[in-house]
Protein chains: 2
Amino acid sequence: MDMVFKALADPGRRILLDRLRSQSGQTLGQLRQHMNQHAPMSRQAVAKHLAILERANLVATLRRGREKLHYLNPVPIHQIGQRWIGKFERGRLDALAELKQTLEGENHG
Amino acid sequence: MDMVFKALADPGRRILLDRLRSQSGQTLGQLRQHMNQHAPMSRQAVAKHLAILERANLVATLRRGREKLHYLNPVPIHQIGQRWIGKFERGRLDALAELKQTLEGENHG
DNA sequence: TTGACATGCAACCATATGGTTGCATAATAT
DNA sequence: ATATTATGCAACCATATGGTTGCATGTCAA
């Protein structure tokens, strides 16, 4: 589990996870292109980040020819909440988050 | 939110959060003593870790005389899951985790 | 085969991180 | 008042981290 937390500690890697959540099965090149709009870096840098995410089991990969497709795995992230938030407490926090979202939505009118 | 992820990246700080979850309102000295059984370090090191957790809003503090009491704040942790796990997906993962826990419980018999 | 494209590996470098020691400040107990 | 206890601040140091460049490997198209 330590690798998961270490992996999530970098803002660039979190952006990569965001991107994989919004669209599954992307290649290194595609992800690199997307990073240009957030934190421009070399292809090798992105590759390193993806390797770290993969070792942490936060992304699963699939080779297709010369391409490597990346997929988000949400399971380790889900386990984080379970560590410090009790079953009882969770309902309370869920309700609170939902309320907050509702109020924010109203303000946008 | 970046501070939250950075704060969670260190194993010692996660142990501190565990300890605060199991018992609220502990002082630096108490927490330091508990760390001896996991990752022994100086008082100043523990103080630094607690400062990082506090700045990340993962622990709230309260001065009482010369003591400083520390409390776990679960809100930022809860927000992590909301970032990459959809409302729909969460139910699925909850059920899966519960099933796993049940099976593990049975194996311990 | 040959050229182009997609990824992999390794060396190198600046800075961030986590630890230490030493001293300072503030509150309690005698 | 003085000693003790609890915490705060700062300098310093070794290693981890995130980035770069350069070259190697593997796959598709002509």
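So that the names make sense, note that chain A is the first sequence line, chain B the second, and so on, each numbered from 1.
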Whole Å only: how far is the [atom1] atom of [X] from the [atom2] atom of [N]?
X        : N       : atom1 : atom2 : result
Leu28(B) : dT5(D)  : CG    : P     : 15 Å
Glu67(B) : dT4(D)  : CD    : P     : 19 Å
Arg55(B) : dC9(D)  : CZ    : P     : 12 Å
His49(B) : dC9(D)  : NE2   : C1'   : 17 Å
Asp2(A)  : dG18(C) : CG    : C1'   : 14 Å
Gln30(A) : dC5(C)  : CD    : C1'   : 14 Å
Phe5(A)  : dA16(D) : CZ    : P     : 21 Å
Asp10(B) : dT17(C) : CG    : P     : 11 Å

Polar side-chain atom of [X] near backbone of [Y] as donor-acceptor pair, under 3.5 Å:
X        : Y        : answer
Arg32(A) : Met41(A) : yes
Gln23(A) : Leu20(A) : no
Asn73(A) : Asn57(A) : yes

Strictly below 4.0 Å: does Lys68(B) bring a side-chain N or O up to OP1 or OP2 of dA26(C)?
no
Residue mapping more 5' on DNA chain D - nearest nucleotide basis, Lys48(B) or Lys48(A)
Lys48(B)
Where each residue is assigned the nucleotide of DNA chain D containing its nearest heavy atom, which of Arg66(A) and Val46(A) is assigned the position nearer the 5′ end?
Val46(A)
Looking across every strand, which nucleic acid part, if any, lies under 4.0 Å from [X] by heavy atom: base, sugar-phosphate, or nothing?
X        : answer
Lys6(A)  : sugar-phosphate
Arg32(A) : nothing
Arg64(A) : nothing
Arg13(B) : sugar-phosphate

The side chain of Thr27(B) is closest to which nucleotide in this list: dG19(D), dA6(D), dT7(C)?
dA6(D)
Connected via hydrophobic side-chain network under 4.5 Å: Val75(A) and Met1(A):
yes
Between Leu72(A) and Leu93(B), is there a shared hydrophobic cluster once you connect ILVMFWY residues whose side-chain heavy atoms come closer than 4.5 Å?
yes
What verdict does the side-chain hydrogen bond (donor to acceptor under 3.5 Å, both in side chains) test give for Thr61(A) and Glu54(A), after you've listed the backbone C-alpha separation in whole Å, the side-chain angles of each residue and the deciding distance to 0.1 Å?
CA-CA 8 Å; Thr61(A) 61; Glu54(A) 191 174 352; 2.8 Å; yes
Flag the pair Lys6(A) and Asp2(A) as a salt bridge only when some basic side-chain nitrogen lies within less than 4.0 angstrom of an acidic carboxylate oxygen.
yes
Let's see if you get this right: which residues in residues 33-44 of chain B place a heavy atom under 4.0 Å from DNA chain D?
Arg43(B), Gln44(B)
